[in-house]
Amino acid sequence: MSGPHPFDDPLRYERAVPPAAVVIFGANGDLTKRKLLPSLYRLAYERRLPAGFAIVGVSRTAMSDEQFREKMRESVAKFLEDSPFDAELWNEFARGLFYVAGDIADAGLYNSIAVKLKELDEARQTGGNALFYLSIQPSQYATTVAGLGAAGLNHGPRPECWRRFIIEKPFGHDEASAKELSRDLRAVLDENQIYRIDHYLGKETVQNILAFRFGNGIFEPLWNRRYVAQVQITAAESIGVEGRGAYYQEAGALRDMIQNHLLQVMSTIAMEPPAVYEPTAVRDERAKLLRSILAVKPEQVATHAVKGQYGPSRIGGAAVAGFRQEPGVDPQAQTDTYAAVTMFVENWRWAGVPFYIRTGKRLPKRVTDIAIQFNQAPLSIFEGESGQTWPNLLVVRIQPEEGISLRFFSKLPGSGMKLRPVTMDFNYGTSFGTRTPTAYETLLLDALEGDATLYTRQDMVEASWAAVQPILNVWGETKFDFPNYAAGSWGPAASEEMLARRGHVWRVP
Ligand code: BG6
């Protein structure tokens, strides 16, 4: 290995990770290749994994352990973001990789997994602990969990052993199916065994919102309706649907991004301070906030929500297909590839403050940020200042340039009192000079440690469905004239109009 090892980094802090086996259902899938294995390898590189550790890949394709290792080696080398691939470390890591082939509907598969886990408990001292990762179609969750339960895999071989289950979104397609999914899971598992992953909560910058708000004394007193005029949450993506047309066509932007990731971001921005930083206390506050979101009335949907879909265009001289021309997409699809909503929180802190949330595919660039706009100064006494145009703005940049900036007025050098807006900037990269872990690294480690603080809970899932359900209902009954924005633009004109109704404009991120 070249250069200083991250283990020697003085900024690192450690938590003890118990021995365990990670069993990945969907081991041949995209998420395993792109995120899960590269993250686990990176944790091994940082010496964060315990000595007693193993990974068991499960999928239908017949493969030997060796073939699986080779496949994963290729994926890790390809998808490892900003980290070196170390062949020597890989060989050591790969010795802990195993594979079990089988059909999820076949009871035999679960018996094979049970045999494998018993073997690993002895051969690799995994302590009888297992973390199951369900990276499969949500329609297969119930069958898989029932199969695991029938084989007795929902509890360990000894009382001190634990069994945990990570479930990927979508958690249902609407409020009713989310409840049904929960019932299926709870028939076999205890709530505290279920880790519902929302990778936005694992992002370093999203976690930092809590540090920023509750670790400092100066911001929180301003964090309310007396000082905040509006909040804008933007998650723009420049990519299209990238071969996921069939899934995305059924989901759409509101379900794919807002119902989960962005409402979680909103809860982080708007929740009350928890009494302690501990899973139940933090999740209780998030849940309370999500429950306080005012459900849009059906007759308000037209003014509080905007649905968009991109059409063909040219970006940087190259022709770009419209959504309806993407492979696997119905040429008449009514899918939202863009969604913008206005939300209000009905509590003492936020009553009357609009939270504008927007997301979309094929927007001009990839950027996720939160802009908190403060009320303007009550009186303008300086020449040339216009608080109306440049109110104080606090921007939390989630990605790609992680940081926080504050905009305020400063005096222009020279005689006289002329003002100009300037920004004060905190940048993660330059301040810490260290790599930030990816969301999946953080969340996998948390689950291994049994820390569910950054995982979502069923009551949170239901509350966020309730917040968007009225919009989905009206959209489901309305025929839209699509496409209504060109690929590479900032979305439909109606989105600007939604803000203009309150005299606001979308900030250009
Ligand atoms: C996923 C969505 O949950 O999040 C994708 O299904 C989206 O459509 C992705 O592209 C965005 O994640 P990130 O971390 O790249 O912002």
Side-chain angles (χ1 to χ4, degrees), residues 26 29-36 38-39 42 79-82 133-138 166-173 178 195-209 233-266 268 308-310 323 326-329 333 335-340 357-370 396-403 428 435-444 454-456 460-461 464-465 468 487 491 509:
D30 226 37
L31 187 76
T32 306
K33 290 181 201 156
R34 283 175 186 272
K35 301 284 183 198
L36 304 184
S39 301
R42 175 73 206 194
F79 293 114
L80 204 56
E81 292 165 21
D82 64 26
Y133 200 116
L134 272 56
S135 176
I136 48 178
Q137 294 296 328
I166 301 186
I167 315 279
E168 272 283 340
K169 71 157 238 268
F171 312 117
H173 192 71
Y195 285 66
R196 297 176 186 81
I197 199 164
D198 186 309
H199 78 280
Y200 265 60
L201 288 179
K203 287 184 191 276
E204 198 75 16
T205 37
V206 174
Q207 292 180 65
N208 192 41
I209 296 170
I233 301 175
T234 300
E237 293 187 278
S238 51
I239 54 168
V241 289
E242 308 288 288
R244 294 161 77 224
Y247 151 77
Y248 196 84
Q249 171 168 282
E250 299 306 317
L254 184 58
R255 283 191 177 92
D256 186 50
M257 289 290 290
I258 296 184
Q259 184 272 336
N260 38 66
H261 305 322
L262 300 183
L263 286 183
Q264 292 292 352
V265 169
M266 175 173 162
T268 314
Q309 187 188 93
Y310 65 86
F323 177 68
E326 298 275 5
V329 171
T335 312
D336 45 317
T337 61
Y338 177 99
I357 308 179
R358 65 176 158 170
T359 186
K361 301 276 185 199
R362 287 271 186 242
L363 299 184
K365 59 177 177 176
R366 174 175 185 253
V367 59
T368 303
D369 67 18
I370 303 147
V396 180
R397 298 190 304 272
I398 306 292
Q399 59 193 26
E401 281 161 31
E402 295 117 336
Y428 255 84
R435 168 188 179 272
T436 48
T438 64
Y440 277 94
E441 286 166 41
T442 303
L443 294 169
L444 281 164
L454 301 177
Y455 282 85
T456 168
M460 291 150 75
V461 171
S464 41
W465 273 120
V468 299

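Each ligand, and each atom within it, is numbered from 1 in the order the structure gives.
Scanning all protein heavy atoms for the shortest distance to atom 16 (O) of ligand 1 gives Tyr200 OH, 2.4 Å. Closest to atom 15 (O) of ligand 1, if we only count protein heavy atoms, is Arg366 NH2, 3.5 Å. Looking only at protein heavy atoms, the nearest one to atom 11 (C) of ligand 1 is Glu237 OE2, 3.8 Å.
Counting all heavy atoms, side chain and backbone alike, Pro170 lies closest to Pro138 at CD-CG, 3.6 Å. When all heavy atoms are compared, the tightest approach of Phe79 to Lys33 is CD1-O, 3.4 Å.
At a threshold of 4.5 Å between non-hydrogen side-chain atoms, the residues Val265 and Ile370 count as touching. The side-chain heavy atoms of Lys169 and Asp198, taken from C-beta on, include no pair separated by under 4.5 Å.
Against a heavy-atom cut-off of under 4.0 Å, Lys361 is close to the following atoms of ligand 1: 5 (C), 7 (C), 8 (O), 10 (O). The distance from ligand 1 to the heavy atoms of His261 drops below 4.0 Å at these ligand atoms: 1 (C), 3 (O), 4 (O). Residue Asp256 has at least one heavy-atom neighbour below 4.0 Å for each of these atoms of ligand 1: 2 (C), 5 (C), 6 (O), 8 (O). The atoms of ligand 1 that sit less than 4.0 Å from any heavy atom of Lys169 are 1 (C), 2 (C), 3 (O), 6 (O). Within ligand 1, the atoms closer than 4.0 Å to a non-hydrogen atom of Lys203 are 13 (P), 14 (O), 16 (O), numbered from 1 in the order shown. The distance from ligand 1 to the heavy atoms of His199 drops below 4.0 Å at these ligand atoms: 3 (O), 4 (O), 12 (O), 13 (P), 14 (O).
Within the 3.5 Å criterion, the main-chain N or O of Pro509 finds a donor-acceptor partner in the side chain of Lys365. Between the side chain of Ser464 and the backbone N or O of Asn260 there is no donor-acceptor pair closer than 3.5 Å.
Atom NE2 of His199 sits about 12.5 Å away from atom OH of Tyr455, to the nearest 0.5 Å. Atoms CD1 and CD1, on Ile398 and Ile209 in that order, are 4.5 Å from each other to the nearest 0.5 Å.
Not close to ligand 1: Glu242, with no non-hydrogen atom less than 4.0 angstrom away.
Between Tyr248 and ligand 1, not a single N/O pair is under 3.5 Å apart.
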